[in-house]
Amino acid sequence: MEPPLIFPPSQAWGIARGEVTMARRLVRAGEERCRYRPGCSYAVQPGPGGSSIGRLVVTRTRREALGAVTVADARREGHGGRAPLTAFVFAWLAQHDREWRDVLDLVSDEEAAERFRARWARREVWVLEFIRDPAVAPRLLHRHSERGYTAAPSDAMPDEPEAVDEWTQATITREANMRDEQRAEDRRREARDQLAVALQDIASRMQNARLVAAAGGLDVDEHLRRADQRVRRASRELGQGGRAA
């Protein structure tokens with residue numbers, strides 16, 4: 001199975017809706033042929049580690065300098081408004097330029113364009129043209145909600161975005177549950193660690209109490225022995241293998 005194509009979330013959802021039909025990927029060192037093949041279907045993934053929200057089919061690839069991007073290209077990559085190229089430049093710097101990623105809100109359009117020309121414009125990229133995979137039927141909310149979903153736009157709720165497929169929804173739900181379980185386990189582990197420290201402190205205090213009692217001629221061994229047993233038992237239950245005083 002081909003690896004997924006990872007996009008910024010807004011671009012990924014644009015692909016899922018059929019609105020984004022082009023993307024650029026840097027040419028790797030020594031790469032002579034594009035690693036994405038026309039005719040092949042690829043899962044669309046919004047961000048690293050996310051779940052697939054659809055599939056695309058690559059229709060054409062070409063190799064060119066990044067600075068050759070046109071206004072039409074920028075629009076096909078999902079950058080609209082009055083200045084698609086400016087939007088493309090800022091999006092590219094945010095995704096690829098670590099040194100400028102955190103300061104983009106502070107720079108002007110001209111400064112961003114100059115950075116792009118100086119550092120990126122001559123870099124070669126693979127231009128990928130694609131369509132939403134026609135083999136994957138759209139999943140639209142039916143205008144009559146009791147009917148669930150439909151693949152026919154005429155039966156769909158107006159202006160409602162496409163839903164993810166059932167497998168993807170199940171994957172998203174499963175991953176959310178796993179994250180919740182992991183957070184709960186992290187909280188339990190933190191509580192166990194804090195309790196283990198407290199038990200060690202109790203053990204140390206009992207040892208001091210034993211020394212003070214002995215110095216004063218007091219017989220508290222039986223009381224301390226019972227307390228010591230409880231501390232040891234609690235340590236074992238925490239899986240610490242703790243050794244009390």
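Since the model is a prediction, treat every value here as computed from it, not as a measurement. This chain uses plain numbering: 1 for the first residue, then up along the sequence.
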Sequence neighbours left out, what passes salt bridge (Lys or Arg N to Asp or Glu O under 4.0 Å) with Glu99? Give chain and number order.
Arg115, Arg119
With Arg62, which residues qualify under salt bridge (Lys or Arg N to Asp or Glu O under 4.0 Å), at least two apart?
Glu64, Asp73, Glu129
Taking side-chain hydrogen bond (donor to acceptor under 3.5 Å, both in side chains) as the test, write out the residues that go with Glu124, two or more places apart.
Arg63
Qualifying ring-ring contact (aromatic ring centres under 6.0 Å, His included) pairs, either residue in residues 35-78, two or more places apart:
Tyr36-Tyr42
Listed partners of Arg205 passing salt bridge (Lys or Arg N to Asp or Glu O under 4.0 Å), at least two apart
Asp201
Going by chain and number, the hydrophobic cluster around Val69 (ILVMFWY, side chain to side chain under 4.5 Å) further includes Met22, Leu26, Leu66, Val71, Leu85, Phe88, Val89, Phe90, Trp92, Leu93, Trp100, Val103, Leu104, Val107, Phe116, Trp120, Val125, Val127
Among all residues two or more places apart in sequence or in another chain, which pass the side-chain hydrogen bond (donor to acceptor under 3.5 Å, both in side chains) test with Arg189?
Asp186
Could you list all the salt bridge (Lys or Arg N to Asp or Glu O under 4.0 Å) pairs where at least one residue sits in residues 4-14, not counting sequence neighbours?
none
For Arg188, what residues pass the side chain to side chain contact (heavy atoms under 4.5 Å, CB included) criterion, not counting sequence neighbours?
Ala184, Glu185, Arg192
Not counting sequence neighbours, which residues clear salt bridge (Lys or Arg N to Asp or Glu O under 4.0 Å) with Asp105? List them please.
none
For Glu31, the side-chain hydrogen bond (donor to acceptor under 3.5 Å, both in side chains) test, sequence neighbours excluded, returns Arg35, Trp126
Quick one: side-chain hydrogen bond (donor to acceptor under 3.5 Å, both in side chains) partners of Thr21, sequence neighbours excluded?
Arg76
